[in-house]
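Heads up: the structure comes next, in structure tokens.
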Amino acid sequence: MMAAKFVLLGSDALLFALVVVAAASLWWASGQEHLRHAMRRVAASRTGMATATLLAAFLAVAVLDSVHYRPRLEGTQDNYAVEVLSALDALLMPLKTHTEKTYSAPLATHLFAREIQEGEGGWIYPRLKYGGAHLKDDLAGYDGDIAHAVLRGVALGLAVWGAAWFAALPLRRRYRRVAWTAALGALLAVCLLAGPVALLAQGYHVFGTDKVGQDVLYLALKSIRTGVLIGTLTTLIMLPAAVLLGIVAGYVGGWVDDVIQYLYTTLNSIPGVLLIAAAVLMMQVIIDTHPDWFATAAERADARLLALCAILGVTSWTGLCRLLRGETLKLREMEYVQAARAFGVSRLAIMLRHILPNLMHIVLISTVMDFSGLVLAEAVLSYVGIGVDPNTISFGTMINAARLELAREPMVWWSLAAAFSFMFALVLAANLFADVVRDAFDPRAS
Amino acid sequence: MFAYIVRRLLYALPILVGVNLITFALFFVVNTPDDMARMQLGVKRVTPEAIEKWKAERGYDRPLLWNAQAQGAAKATQTIFFQKSVRMFAFDFGRADDGRDIAREIRLRMGPSLAVALPVFVLGLFAAVWFALLLVYFRASYLDTVGVVLCVAMMSISGLFYIIGGQWLVSKVWHLVPISGYAAGLDAAKFVILPVLVSIVGGIGSSARWYRTIFLEEIGKDYVRTARAKGLSERAVLFGHVLKNAMIPILTGVVVVIPTLFMGSLVIESFFGIPGLGNYMIDAINAQDFAVVRAMVFIGSFLYIVGLLLTDISYTLVDPRVRLG
């Protein structure tokens with residue numbers, strides 16, 4: 001009898017596939033001399049290693065959040081809860097279940113809104129159910145408690161970091177040219193931030209709570225998966241089509257080239273937002289008219305997320321396709337390709353063996369460059385109402401829910417601040433990393 | 001030149017037909033008019049009569065592609081495809097779900113959209129070029145590095161942050177301009193300043209960084225060395241020679257967006273309550289008014305194609321070596 005039933009959502013499967021593909025292509029690239037050279041340059045770059053460490057931390061959260069399961073209902077044989085949870089939820093269970101009544105400020109002990117209370121004589125700010133609930137009624141020792149938690153958190157962070165430092169020692173001896181100091185420095189920053197937050201979160205709401213009393217830290221951590229998924233899956237979905245059509249158009253030429261060019265010019269001329277809006281509206285109608293396709297709300301939201309990735313892919317593959325076509329046109333006239341043609345190598349074999357490997361750096365660069373733009377686009381699209389499902393936790397839905405609260409007096413700022421800072425950290429790291437990758441892999445840059 | 005423009009316009013025709021077919025497929029084949037009616041009227045408990053009435057009111061009760069019951073040419077014209085898609089080529093967009101004439105709405109809303117988009121385009125271009133030139137002037141120094149990092153940081157901040165932050169700081173804390181709204185005529189200025197400012201600040205990071213690379217590419221060329229050898233000051237070289245030549249790729253690169261300025265910006269207009277086309281679009285998306293979305297897709301594509309044509313023409317104007325034949 002299993003205590004839980006595992007659920008593999010479509011996006012989970014794709015994310016895992018992506019991680020496997022990324023690992024496999026790293027392994028493949030390390031066998032190619034020119035790519036290995038570029039990879040060494042990325043590894044030797046301080047910015048590259050520091051941002052890669054940060055991105056790895058974000059990716060770890062996203063992967064943890066993609067291991068989904070449905071817990072067995074208490075006291076039943078094989079009835080499972082309708083709600084789909086993830087490994088991250090299991091780790092953050094106290095944060096998920098400790099919901100207050102409504103807004104509360106970061107590290108607050110009292111609710112943000114006043115309430116009438118029977119027998120207490122009018123309007124008071126009631127105590128929170130969970131935030132600072134372990135303190136006495138007069139809040140004695142509040143400052144001390146916080147300071148204590150922060151200090152213990154710093155100690156914990158240092159301990160974890162120290163362990164990582166020792167674990168990395170043999171690697172550091174082996175790969176001396178890698179910018180380990182930058183990587184470990186970034187890891188230290190993450191540990192020093194995460195340690196205190198983790199310990200404080202046990203007794204308080206570190207980033208406060210939102211309108212329905214959910215912990216903002218929990219929401220922000222859950223948003224990472226949505227952002228990472230949209231940033232990566234979109235490119236993954238569009239990649240095969242863009243590479244195939246780009247190479248075929250460039251190499252075969254003639255009417256095939258004309259048709260493919262017509263295809264991408266047409267798609268490109270439709271304003272992106274409008275195409276996305278049209279497609280997402282359509283998708284929503286299909287989802288609404290076929291409720292029997294989806295067993296749980298999570299699956300329905302997941303279908304919409306995948307549809308959004310697919311349609312974002314349709315609007316963004318044209319740029320890469322045009323780039324690859326142009327590069328193929330150049331490669332086609334190279335001596336080694338002409339030699340291959342003279343030896344009677346088939347067109348398919350030339351495209352696969354001689355053209356494709358020499359385009360891989362462009363594919364890699366554009367994949368990395370697109371990531372940050374897509375994460376930012378998600379927030380805007382969700383605001384317009386054509387992004388992820390309103391029940392999916394994402395930076396966009398967080399911002400959308402909180403944006404009107406700035407008008408309150410006093411202002412509710414913490415939801416927005418948390419969403420924007422998490423998004424900023426993710427996008428900035430991705431942007432800086434993309435620059436390093438581009439400089440390392442683009443032969444013209446050096 | 002004239003023959004070239006005519007030929008390019010003829011090339012544009014199949015693209016517009018393609019756009020039209022895609023939208024037709026999205027709006028009428030993937031989703032049938034019955035689905036649309038059911039969604040508009042509420043998914044549950046809709047009588048077939050109500051659906052038929054809804055469709056008849058909007059002209060969706062015709063067959064999709066071929067009307068076998070009609071006579072003569074009406075076999076092809078009395079269809080959804082002809083009535084809803086083909087007529088767009090004559091800029092006849094029909095009516096929105098609320099009964100208003102879409103073409104008239106578009107004419108009315110173009111003004112406010114332009115009032116924001118045009119200053120953003122001109123001033124934004126000016127600010128980005130100026131900032132990029134400043135970075136190039138201090139190239140390979142700390143100021144340059146700091147400036148580039150600043151650009152990347154500004155690119156990494158969500159556009160929504162600039163909007164929300166700008167509204168909060170300028171309107172709520174400083175009380176300088178109204179948070180949102182619009183007025184006709186010169187009164188529009190006080191409503192337009194903040195959205196224009198926010199858009200420029202939000203966009204300057206990526207464009208300044210891009211222009212900087214263009215300037216740096218230009219600065220390595222031979223004529224710059226000649227100018228320096230003549231004894232010209234660095235400022236004269238930058239402004240007199242580099243700026244002039246670098247403006248060619250910059251200007252030809254931005255020409256393509258000029259026609260689409262009419263469309264306005266979705267997010268900016270909706271946050272600042274400007275009654276332009278972007279706002280119209282958002283309202284249509286939220287009300288799921290497919291007639292409006294379809295019309296806007298068509299106009300957007302049309303303007304983009306015009307932009308591509310203008311780009312090609314601008315190449316010949318700035319660079320005599322390019323001949324259009």
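Chain identifiers are assigned alphabetically (A, B, ...) following the order of the sequence lines, protein sequences preceding nucleic acid strands; residue numbering begins at 1 within each chain.
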Original post:
When heavy-atom pairs shorter than 4.5 Å are enumerated against chain B, which of A:V427, A:I386, A:L263, A:L432 gives the highest number?
Top reply: A:V427
Need one label for [X]: side chain, backbone, both or neither, based on atoms under 4.5 Å from any heavy atom in chain A.
| X | value |
| --- | --- |
| B:F271 | both |
| B:I22 | side chain |
| B:L266 | side chain |
| B:I305 | side chain |
| B:M155 | both |
| B:L160 | both |
| B:M296 | both |

Original post:
What residue, out of B:I164, B:I282, B:V293, has the most heavy-atom pairs lying under 4.5 Å from chain A?
Top reply: B:I164
**OP:** Against chain A, work out which of B:G300, B:G159, B:A284, B:S206 has the most heavy-atom pairs shorter than 4.5 Å and name it.
**Re:**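 Ranked by heavy-atom pairs under 4.5 Å with chain A, first place is B:G300.
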**OP:** Evaluate the ring planes of B:F91 and B:F93, with Trp represented by its six-membered ring, and classify them as parallel (under 30°), tilted (30 to 60°) or perpendicular (over 60°).
**Re:** perpendicular
**OP:** Decide if atom CZ of B:R8 counts as having more than 12 heavy atoms of other residues, nucleotides or ligands within a radius under 6.0 Å.
**Re:**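 Enclosed: over 12 neighbouring heavy atoms sit under 6.0 Å from CZ of B:R8.
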Contacting moiety of [X], where chain B heavy atoms sit under 4.5 Å:
| X | value |
| --- | --- |
| A:D435 | side chain |
| A:L428 | both |
| A:L267 | side chain |
| A:F424 | both |
| A:V384 | both |

Original post:
With side chains defined as the heavy atoms from C-beta onward, is the minimum distance between A:M369 and A:R438 less than 4.5 Å?
Top reply: yes
Original post:
Can you find a heavy atom in the side chain of A:R322 that is under 4.5 Å from one in the side chain of A:Q261?
Top reply: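 Counting from C-beta outward, A:R322 and A:Q261 never come under 4.5 Å.
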**OP:** Step by step, work out the side-chain contact (heavy atoms from CB on, under 4.5 Å) result for A:Y103 and A:W414.
**Re:** CA-CA 10 Å; A:Y103 292 112; A:W414 45 89; 4.2 Å; yes
Enter the distance from [X]:[atom1] to [Y]:[atom2] here, rounded to the nearest 0.5 Å.
| X | Y | atom1 | atom2 | value |
| --- | --- | --- | --- | --- |
| A:L376 | B:I157 | CG | CD1 | 10.0 Å |
| B:I106 | B:Y280 | CD1 | OH | 6.5 Å |
| A:L245 | A:C321 | CG | SG | 5.0 Å |

Original post:
Are B:D289 and B:R294 ion-paired here, with the side-chain N under 4.0 Å from a carboxylate O?
Top reply: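 Here B:D289 does not pair with B:R294 in a salt bridge, since their nearest N and O are not under 4.0 Å apart.
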**OP:** Answer with yes or no after comparing the ring centroid distance for B:F298 and B:F89 against a 6.0 Å cut-off, counting only values under it.
**Re:**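 Between B:F298 and B:F89, the centre distance is under 6.0 Å.
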